[in-house]
Amino acid sequence: MAKRNSVSSPNSLLISSQAARWSQQHVLSLLSQILILLITVFIVTHMVVSLGERRLQEDWADQRYSELQTVASLASDKAAFLQFRTQTFAKAELLRQYLEQPSQVQQQKVIESWTSLTQNIPELLGLSLFDPQGKLRFSTTDSFDNIHIPATLLGSGRNMGGSDIYTSPMSFTPINGLLEPYFYQLSWIENPDQSIKGYLVTYNSITKLLETIKPAFFNQNSPLLLLDTQGFLFAGANQPEPLSNMPDNLGSSLKQTFPDLWKVMAMNNYGQFYSDEATFVYLKVELTSQYETKREYFLLSYIRHDDIASRYLEWRLVILIAGALIALLACGLIILRHLFVLERRAKHNSLQLSHGLFNSEISCLIVNDNGRIGSANLKASKALALPIDTLVDRSIQRVLNLDDELFKRIKEALAHHQQWRGEINIDSENNTTLQAHIRSELSPYTKECYWLITFEDITVLYESQRQAYLFQLLSESAVATALTDANGKLIKCNSKFDHLMLLNGETNIAITELLGSELNEQWHNICSQISVQGEWSAQIMPFTQSRYSQCLKTTLSGQLAYDGDIEYLICTFEETQPIVAPHKHSNVFGHRSAIVLRINELENHFNHLSEQTKIQSSLLVMDINPEGIFSHMGNVSQLEKRQKDIELQLLIELPQNYQISQWQLGKLVILLPDTDANRAHQYATNVMSRLDEHHLSEGINIGIAGYVSPQSLEQYLANAEIALKRAKQSVDQNICQAFTRTTHTDHLN
């Protein structure tokens, strides 16, 4: 019965129909969740692959742009070097000798030297010599015979000369049946007087020039195209599997084949361009800078997206496999979650069925071996006064209010003997008592240990035993006996008391109502004495409408609770003869010193004393209100409490014939019969010592007076109050006596 989230096996179910069953609603819910999951995984995977390919395209574009910068820089350097080489050729010794002494032999030597140069320099297509008028004298090749020097470079109107080198725009010429892109460089051959001897022209192949640079600084698998500022292709033709919208023939125009790309290139000097098929990188490069014009061209390269995808294939496969695994795992989790919900519902249904099966007239609890309640029937819920939902998963120790020692003994008994029997008291409104039987059982399928607790409510039996105990208390007395609570309400009585008070079986009555109103008025003081001394006794005379006709000797003894309060009172009554003559003012006589009287009751008691007793008496007035401590109405409750504490201390050791009375709030009167002045002063001193032991003597003053015949209680109190005033005025003592004579009652010694 340990707490688990799912049913581990169908065997743990009571019947097979409780097993998890897939309804149409569950199937549709599962399919919709899996479909949404697959769509989400597909979208995320596609986004990751696309972002990866785009990142690879950007990386390739950055790398290719760096390569284009390198090629452009080297091409510019190469063009500058070609100018230097052309100038060197123009100053060659053989050419100078030929120009000074023209002959067929010298011409042949020059041609042979130039032919050797063209054979050893790949990009050098040929050399030509023109006369000062711009006519061709001789050349190493016939491919450039149709070349004419521009008129702006001839004559005295030219802007260039001397060591300047003129570079022509790129153009095409057929060589061996193939169209060859080239440009030529022209050098002026001048006399010392700056007159023109002739013009030297070198022809350079653009394709061969780029091929000398590209292998070392450019990816050979990537195309490299050279275009002029009009979009015509001068290098990079005949690429393997070129794009359909890219120029593949020399002289074809990118402006016509791919206008979108050319529009972007014409507006920028460098950049990247992404199409549906490929990624393009371009860079404008300036090969030469001369007086009359700039020679600017575009370097262009691209890569197909299919090539990027092929390079990204391995990562694509990894991402797709990861996405598939995530989708499978997520689908598995969704399925397991649905199974968990179904199994949990099946377990819940099983528990509901088990609840019904063991919901008999016997209170039952099923508890795991950790002391947690797994299930409870309705009878147990009623017996424990707790809802079933509240009982489940709660600690059995707390539910049954078991202390640690008892719970430990129960666990040890279950471990060694597999069962425990005993009584358990539940602290509730009805003070329920249970007779419990706990057995330790082992589940045949799950091999789990659990406790089966059955119990019966024996509160009625326990109450019967309690009633029997109360009757036993009554049967111990042979006289009229009654049992009351602390308020005097009658609980039980014996037959003698029932006959004496003519109850006829009636018990819904208070003992104070049976014994008269005077006892009711003194009930609080009586209970105080019983709490201190254990009992109170007196003689109670009949009164008007009383149910008895004889004087009763009454004794009230108390049964105290653990906290010291009165729980029960045992009252005994015996018919007897009165020890004093009855009078109309009171029907309660006896040990009045055991209670605190009111001043009028004290006056009645004083008036009924004999004159001889009065002459030998003293009167003590005690002021218990220290000035400055209880000075306003908010301290009245504190004063009342202090007065009650002092009264209890006085009653504990009050002599039998002394009588204490409340005169007013903060003042007590004690009548001391048969007590002379010395004994009265000694008694007052003892009282102060006793109160000091209990920290109650602060601010207390006592005045003592002797009786002068004839004298009323009022005069007696007046004399005692004179002594009290003198005690308050004294600095070193708080007790004062007033000795009053017949002729002058106000004189003090």
Side-chain angles (χ1 to χ4, degrees), residues 1-8 12-15 18 340-341 343-415 417-443 446 448-467 561-563 567:
M1 292 301 295
K3 185 177 179 180
R4 302 176 65 185
N5 292 329
S6 62
V7 180
S8 59
S12 61
L13 302 173
L14 295 178
I15 56 177
Q18 290 183 288
F340 170 78
V341 172
E343 293 286 353
R344 185 173 60 181
R345 290 183 179 178
K347 179 183 177 181
H348 178 72
N349 294 334
S350 178
L351 291 176
Q352 291 295 329
L353 180 59
S354 64
H355 288 172
L357 291 178
F358 76 89
N359 190 14
S360 61
E361 293 299 321
I362 300 176
S363 301
C364 295
L365 293 174
I366 298 177
V367 183
N368 62 21
D369 54 0
N370 293 323
R372 292 284 178 180
I373 299 176
S375 182
N377 65 359
L378 185 61
K379 194 71 175 179
S381 174
K382 291 181 179 179
L384 298 175
L386 291 172
I388 294 179
D389 294 340
T390 306
L391 283 173
V392 174
D393 203 32
R394 286 190 61 183
S395 172
I396 189 64
Q397 182 180 4
R398 292 186 178 275
V399 171
L400 298 181
N401 293 323
L402 304 176
D403 56 39
D404 294 338
E405 184 65 26
L406 178 57
F407 189 64
K408 181 180 179 181
R409 293 202 305 268
I410 292 174
K411 294 178 70 173
E412 290 177 352
L414 292 175
H417 307 291
Q418 283 72 47
Q419 65 176 350
W420 179 87
R421 292 180 182 271
E423 295 181 2
I424 300 174
N425 293 323
I426 299 179
D427 187 12
S428 62
E429 295 180 357
N430 300 325
N431 196 17
T432 305
T433 303
L434 304 177
Q435 178 70 41
H437 181 209
I438 305 177
R439 299 195 309 272
S440 178
E441 300 289 347
L442 187 67
S443 175
T446 61
E448 296 173 352
C449 185
Y450 63 93
W451 301 346
L452 179 61
I453 302 177
T454 57
F455 55 86
E456 296 181 7
D457 188 352
I458 60 170
T459 305
V460 176
L461 176 60
Y462 187 78
E463 183 64 25
S464 299
Q465 293 175 348
R466 179 172 171 273
Q467 293 292 334
Y562 292 108
D563 54 1
E567 186 175 9

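Quick note: numbers below take in every heavy atom, side chains included, and nothing from hydrogens, waters or symmetry partners.
- Residues meeting the side-chain contact (heavy atoms from CB on, under 4.5 Å) test with Gln419, sequence neighbours left out: His437, Arg439.
- No side-chain heavy atom of Ile366 sits under 4.5 Å from any side-chain heavy atom of Ile373.
- How far OG of Ser440 is from CD1 of Ile453: 10.5 Å, rounded to the nearest 0.5 Å.
- Under the side chain to side chain donor-acceptor pair (under 3.5 Å) criterion, Asp389 pairs with no residue at all, not counting sequence neighbours.
- Between the CZ atom in Phe455 and the CG atom in Leu365 there is a gap of 4.5 Å [rounded to 0.5 Å].
- Side-chain contact check for Glu441 versus Cys449: every heavy-atom pair is 4.5 Å or farther apart.
- In this structure, Leu434 and Leu384 have side chains that are in contact, with non-hydrogen atoms separated by less than 4.5 Å.
- With hydrogens and angles ignored, the 3.5 Å screen pairs no side-chain donor or acceptor of Asn370 with any backbone N or O of Arg372.
- Across all their heavy atoms, Leu414 and Ile438 have their closest contact at CD2-O, 3.5 Å.
- Applying the side-chain contact (heavy atoms from CB on, under 4.5 Å) test to Gln435 and every residue at least two apart in sequence or in another chain returns Glu423, Ile458.
- Residues Leu406 and Gln397 are not in side-chain contact: their nearest non-hydrogen atoms beyond the backbone lie 4.5 Å or more apart.
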Trp451 vs Lys411, side-chain contact (heavy atoms from CB on, under 4.5 Å): CA-CA, chis, key distance, verdict:
CA-CA 10 Å; Trp451 301 346; Lys411 294 178 70 173; 3.9 Å; yes
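- Rounding to the nearest 0.5 Å gives a distance of 9.5 Å between CD1 of Ile388 and NZ of Lys382.
- Here the straight-line distance linking atom CZ of Arg344 with atom CZ of Phe340 works out to 4.5 Å at 0.5 Å rounding.
- Ser381 places a side-chain N or O within 3.5 Å of a backbone atom of Leu386 that can act as its donor or acceptor partner.
- In this structure, CG in Leu391 is found 9.5 Å from OG in Ser375, a value given to the nearest 0.5 Å.
- Separation of atoms CG (Leu400) and CZ (Arg394) is listed at 10.0 Å; rounding is to 0.5 Å.
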